[in-house]
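Inspection log for the structure reproduced underneath, given as structure tokens.
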Amino acid sequence: MRWEYTPYIIPLLIATVISVVLALYAWRRRTTTSAATTFALLMLVIAEWSLGYALEVASPDLASKIFWGKVEYIGIVIVPLAWLAFALQFANEARWLTRRNLALLTIVPLTTLLLIWTNEAHGLMWRHTALNATGPFLALDVSYGAWFWIHSAFSYVLLLLGTVVLIRILINFPHLYQRQAGWLLAGAIAPWLGNGLYIFGLAPVPNLDLTPFAFTLSGLTFGWSLFHFRLLDIVPLARRAVVEGMSDGVIVLDTQNRIIDLNPAAQQIINHDVSKAIGKTITQELSTWSEFIWRYRQATEAQAEIVRGEGQAQRYFDMRLSPLYDRQKRLKGRLIVLRDITGRKRAEESLALARDQALKASHLKTELLAKVSHELRTPLSAILGFAEMLALDVYGPLSDNQKQALAEIIDSTCYLTSLVNGLLDQAQLDAGNFRLDLSLFAPTQLVDHTLAKMNMLARSKGLTLSTEIAADLPATLSGDPARVQQILINLVNNAIKFTQTGTVQVRLYQPDVTHWAMQVSDTGIGIPVEAQTYIFEPFWQVDGSVTREHNGAGLGLSIVKQLTTLMGGQITLESEVGRGSRFTVLLPLQLIQEKLA
Ligand code: ADP
């Protein structure tokens, strides 16, 4: 085949090379986005078109020009289709590219190809073909047949649709991507410009079709925005979709505090329409938020809780302010994210209210308990006093039956008195107004005095109650003797209560230089490990059935523990079910010296 050299093939060959390079470049990045593959196809068919055109221009005779002219059509019919597909993918609208739609869209291009290659038989594409030597190079002159116009109209519609889709991206684009948008616009318009110049005979070189150049130019700009700005890597549109759908309000400010973007949630929060707010400064737009804006006008990073409105309409927001930097780490603006935390706040408020009410109720309960217990004590001691006088025959002699009944009355009254005393103690401890009455006391005396009473009880059950006081224990100790006694009574009482056979032993000793200890051991039923912590809680008992047998309110150990703590000591328990229990109360030696000092 002979070729005729003309300098006009050079730009066409350059366009071919550029398009092929872009196609390869995009192909290598096809995994980053589906639009890259379509872009590669678009560039490949543009290359094919440009190369076909270069060869047509370089052909010396009509037959070979016609041949290459037909070869070009492979590219010419695919370009509009690839253009539209690319635009749709770029705009995240690929859902339109169904197999059915694509099949329908290929009907006209395939028919065009069929008709151009069989043109000699019908002339539906080219009616006449001739050589035109009027321009600077030998060109192919054709007059068009009927199908050509259908093909042209179809191609323009596809191109137009693609361009509209691209321009729509620009309109919807976040304002931060303006530079990329500029490139996109140039690329979308170039083919129209190139084609228009050729059609209206305004091309700088007569008879030279600028359309393939224009498409190459589009390819370059698209490639630039795709790969330089990584437009598809970031998928800004997808990101925008996320921001638009967010329930948090998002406001973007530039460095002059102008609102550049705000999502629907933000529009609702600040009660402003996007069209009114964009481009205005935040101080202008949000005068009601002025205090907040003023406080954070300089801050690039901040977090605060903002309250808006009054009464029922009051809303709380968590506001986060963060800086926006470009790739060169220059400050470009600020991002405000507003989260409505009204629900959480309301929940917190009602929780606090409930807590206050519960505290108040508990306080009232304690008060009531204290009052009632106190009021009960007086008549109880009167009952006990008169009963004891009756027993002593002060009001005349009693029959045996009457004495037995009286013994029951005294027993129950004693139990009731101790119960009421326990409740009163617990109520006072709960209310925090339990005072210690500190003094010096002789521990031996205290123990003897206390145990004398309990000995009878132990003996009546066939138990031995023994006492052991260590020789090195100081003769005088400091503390609240009444409370120490109360502790001892409780522990020994329990020991006797929960022991059927064996001994109850009370031991007083000095375990270290700063403490003395009071230990009560028994050979009773013991306390299971799982119960060993909670028996010190008020109203807790190990087992309802055992305790019912022994009566009691479950207050004793709780009071013992609180009194011990109040005196700066601690209580420990060692126990094994079936073998017995050992309670040790450790109290400071120096209590009174410290308190009296
Ligand atoms: P209560 O007035 O019911 O005796 P306490 O607080 O004194 O209340 O005791 C709580 C529970 O701990 C008792 O009901 C009993 O189950 C258990 N307990 C206390 N001391 C002993 C002990 N020495 N041996 C076995 N169980 C005991």
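Just so we're clear, the structure is a prediction, and the values are computed from it rather than from any experiment. Both ligands and their constituent atoms are indexed starting at 1 by order of listing.
A donor-acceptor contact shorter than 3.5 Å links the side chain of Thr523 to the backbone of Thr503. Side chain of Gln562 to backbone of Ser558: a donor-acceptor contact under 3.5 angstrom is found.
A donor-acceptor contact closer than 3.5 angstrom links the side chains of Ser581 and Ser575. Checking Glu348 against Tyr316 by side-chain atom types alone, no donor-acceptor pair falls below 3.5 Å.
Heavy atoms of Phe583 found under 4.0 angstrom from ligand 1 belong exclusively to the side chain. Using a 4.0 Å cut-off between heavy atoms, Leu491 makes no contact with ligand 1 at all.
Under the 4.0 angstrom criterion for non-hydrogen atoms, Ser581 is in contact with ligand 1. The shortest heavy-atom distance from Asn490 to ligand 1 is not under 4.0 Å.
Atom numbering of ligand 1 starts at 1 in the shown order; those under 4.0 Å from a heavy atom of Leu555 are 6 (O), 8 (O). Residue Gly556 has at least one heavy-atom neighbour below 4.0 Å for each of these atoms of ligand 1: 5 (P), 6 (O), 7 (O), 8 (O). Residue Leu557 approaches ligand 1 through these ligand atoms, each under 4.0 Å from one of its heavy atoms: 5 (P), 6 (O), 7 (O), 9 (O), 12 (O), 19 (C).
Of the charged side-chain nitrogens involved, at least one lies within less than 4.0 Å of a carboxylate oxygen, so that Arg320 and Asp318 count as a salt-bridged pair.
Atoms CG and OH, from Leu331 and Tyr325 in turn, are 5.5 Å apart once rounded to the nearest 0.5 Å.
When the options Val504, Thr499, Ile535, Leu419 are ranked by their closest heavy atom to atom 12 (O) of ligand 1, first place goes to Ile535.
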